[in-house]
Amino acid sequence: MLPSLTGLSHEELTSWLKEQGEPAFRANQILDWMWKKKADSIDAMSNLPATLRAKLTSSFRLASLTHTHTQGSADTTRKFLFKLHDGRYVESVLIPANPALYGGTSDRRTLCVSSQVGCAYGCKFCASGLAGFTRNLDASEIAGQVLAAEQLSNERVDNIVFMGMGEPLANINNLLAAINLITNEKTLHLGARHLTISTSGLVPQIRQLAEHPQQIRLAISLHGATDEIRQQIMPVNRKWPLAELFDALDYWNSRKNQKLTLEYILIENINDSLEQATILARVARRLHAKVNLIPYNTVEGLEWKRPNDKQCRAFRDIVKNAGVQATLRLEKGHDIDAACGQLRLKQETAEGIIR
Ligand code: SAH
Ligand code: SF4
């Protein structure tokens, strides 16, 4: 399988052109065709000489994803399913004019991007963790989701959250290469402040990211305010318990000046006690973090449920009354949003890739 042209940074493309004896300025033209004009074939790059187009065609394929399915409609949340070159599937979710949940401005289109096929972290409530880990996505497959979503919706994506399938920080090298494609002025040119990485808490990578020069936002999937509760549902907590995670987040705070987000899924009778709310508020204050409360989305094959609205509000009020910025979205019909991994699981199961 030929590599994807969209995976090349400006530097990589320039050095490839040099090897071919082509002038360096062609790199700008090619990037412009791919990322700004959104060409759908190498042949459409009409200001390139035919010889160069032929060389490109014999060395690269253009896109790394094939769109196969859309769930949802233009004025609602849409989930796109993409087939990869090895027959695997990933998905991205486009959320229109979403309120500022992760620190972005409101009235903006947010794309939820996948970073891996499956996930090795096995959180007990999560569809992506269910079928285990298959492979990392490469940079063109990650950034390509943004390009494809813009092509399919005919709209610009304003915010990106790495909250789709996979653990982004377990694939940090490809993730950072994709972020370079997303933020670079020659490619997608989206500000780093409009990107949020969500992680289940990989301590060494959080420290590594704290050193990264760009102001990328960070959201932590906490889902339990004590080790006891958290490790029941998130095996990663045994490797990096809360004390180590919080130390890494203190370090993050010492290097960065935007607020952390703590994500907290509310699951009935698992982590929704008001005692957990009190401890969560204490944690958030210590970390100067805001809290995003998410009523659990049911996953086929799992027993977990969301608490009733009254319980969700009582939980939120405790956090808010402690002086912490907290959001809670109660409206129904958003199952498509957070149900990471579910569409892809259905597709792969139907094709017999997963049994
Ligand atoms: N692996 C990363 C990012 C992908 S998951 C992480 O864990 O942060 C993105 C978010 O969706 C996480 O906060 C995750 O806990 C949450 N999530 C997973 N399954 C969910 C479900 N069924 N309902 C609501 N949120 C869910
Ligand atoms: Fe992986 Fe995140 Fe799902 Fe946990 S919540 S299994 S880390 S994708």
Side-chain angles (χ1 to χ4, degrees), residues 77 79 90-93 95 101-102 110-137 142 145 160-172 175 195-203 205-206 209 216-224 229-240 245 249 260-268 270-272 280 289-307 312 327-345:
T77 296
K79 190 181 265 201
V90 281
E91 61 199 18
S92 322
V93 178
I95 308 156
L101 286 184
Y102 301 104
T110 299
L111 188 72
C112 176
V113 170
S114 293
S115 55
Q116 300 182 312
V117 182
C119 181
Y121 285 81
C123 301
K124 302 228 170 106
F125 47 82
C126 174
S128 299
L130 267 185
F133 174 69
T134 303
R135 70 168 175 89
N136 283 329
L137 298 186
I142 299 173
Q145 293 168 61
I160 294 174
V161 293
F162 295 97
M163 293 186 185
M165 208 195 313
E167 169 48 58
L169 293 190
N171 185 18
I172 191 165
L175 177 75
L195 312 188
T196 301
I197 297 174
S198 174
T199 177
S200 59
L202 274 56
V203 162
Q205 288 89 334
I206 291 173
L209 204 62
I216 305 161
R217 292 175 192 273
L218 188 63
I220 304 295
S221 292
L222 202 63
H223 312 332
I229 299 292
R230 193 171 191 255
Q231 73 198 17
Q232 284 175 14
I233 49 179
M234 298 183 70
V236 68
N237 197 76
R238 293 187 191 273
K239 183 143 196 202
W240 290 296
L245 176 60
L249 297 179
L260 287 165
T261 300
L262 301 179
E263 297 166 275
Y264 198 102
I265 310 178
L266 291 163
I267 313 175
E268 189 179 63
I270 302 287
N271 65 357
D272 65 338
L280 173 62
K290 50 193 171 186
V291 170
N292 187 16
L293 299 170
I294 311 142
Y296 182 64
N297 273 301
T298 17
V299 173
E300 245 174 78
L302 295 180
E303 306 270 285
W304 318 85
K305 284 202 204 87
R306 61 170 64 184
C312 292
T327 51
L328 166 70
R329 277 195 319 162
L330 280 177
E331 70 271 39
K332 302 276 159 50
H334 278 262
D335 291 358
I336 208 173
D337 289 22
C340 68
Q342 293 185 53
L343 187 58
R344 163 258 171 179
L345 273 187

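Atoms within each ligand, like the ligands themselves, are counted from 1 in listed order.
- Atom OG1 of residue Thr298 and atom CD of residue Glu303 lie 12.0 Å apart, to the nearest 0.5 angstrom.
- Below 4.0 Å from some heavy atom of Gly129 lie the following atoms of ligand 2, by number and element: 6 (S).
- Counting the atoms of ligand 1 from 1 in the order shown, those under 4.0 Å from a heavy atom of Gly166 are 1 (N), 2 (C), 3 (C), 4 (C).
- Considering only residues two or more places apart in sequence or on other chains, Tyr264 meets the ring pair (Phe, Tyr, Trp, His ring centres under 6.0 Å) condition with Phe315.
- The contact set between ligand 1 and Ser221, taken as ligand atoms under 4.0 Å from a residue heavy atom, comprises 6 (C), 7 (O), 8 (O), 12 (C), 13 (O), 15 (O).
- Atoms of ligand 2 found under 4.0 Å from any heavy atom of Ser200 (numbered from 1 in listed order, with element): 7 (S).
- For Gly166, the closest heavy-atom approach to ligand 2 falls below 4.0 Å.
- By the criterion of a heavy-atom distance under 4.0 Å, neither the backbone nor the side chain of Ile220 is placed next to ligand 1.
- Per-residue contacts place Tyr296 under 4.0 angstrom from the following atoms of ligand 1 (heavy atoms of the residue considered): 21 (C), 22 (N), 23 (N).
- Partners of Tyr121 by ring pair (Phe, Tyr, Trp, His ring centres under 6.0 Å), not counting sequence neighbours: none found.
- Of the options Ser200, Ser198, Ala127, Gly164, the smallest heavy-atom separation from atom 4 (C) of ligand 1 is shown by Gly164.
- The residue from Ile197, Leu169, Ile265 that puts a heavy atom closest to atom 25 (N) of ligand 1 is Ile265.
- In terms of N/O distances under 3.5 Å, ligand 1 is not approached by Phe162.
- Checking Asn292 against Glu263 by side-chain atom types alone, no donor-acceptor pair falls below 3.5 Å.
- Although no hydrogens or angles enter the test, the distance criterion places no donor-acceptor pair under 3.5 Å between the side chain of Asn271 and the main chain of Ile229.
- Atoms of ligand 2 found under 4.0 Å from any heavy atom of Tyr121 (numbered from 1 in listed order, with element): 7 (S).
- Note that CD1 of Ile267 and CG of Asp272 are 9.0 Å apart. Values are rounded to the nearest 0.5 Å.
- Between the side chain of Glu167 and the backbone N or O of Cys119 there is no donor-acceptor pair closer than 3.5 Å.
- With hydrogens and angles disregarded, no donor-acceptor distance shorter than 3.5 Å links the side chain of Trp304 to the backbone of Asn297.
- Counting heavy atoms from C-beta outward, Thr196 and Phe162 have side chains that stay 4.5 Å or more apart.
- Each of the following atoms of ligand 1 lies closer than 4.0 Å to a heavy atom of Phe125: 15 (O), 18 (C), 19 (N), 22 (N).
- Atoms CG and CG, on Asn237 and Leu245 in that order, are 8.0 Å from each other to the nearest 0.5 Å.
- The proximity of Cys123 to ligand 2, defined as any non-hydrogen pair under 4.0 Å, involves the side chain as well as the backbone.
- Each of the following atoms of ligand 1 lies closer than 4.0 Å to a heavy atom of Val299: 22 (N).
- When the heavy atoms of Met165, Glu263, Gln116 are ranked by distance to atom 10 (C) of ligand 1, first place goes to Glu263.
- In this structure, the side chain of Thr261 does not engage the main chain of Ala219 through any donor-acceptor pair within 3.5 Å.
- Listed by number with element, the atoms of ligand 2 under 4.0 angstrom from any heavy atom of Cys126 are 3 (Fe), 5 (S), 6 (S), 8 (S).
- Of the candidates Glu167, Arg306, His223, Met163, it is Met163 that places a heavy atom closest to atom 5 (S) of ligand 1.
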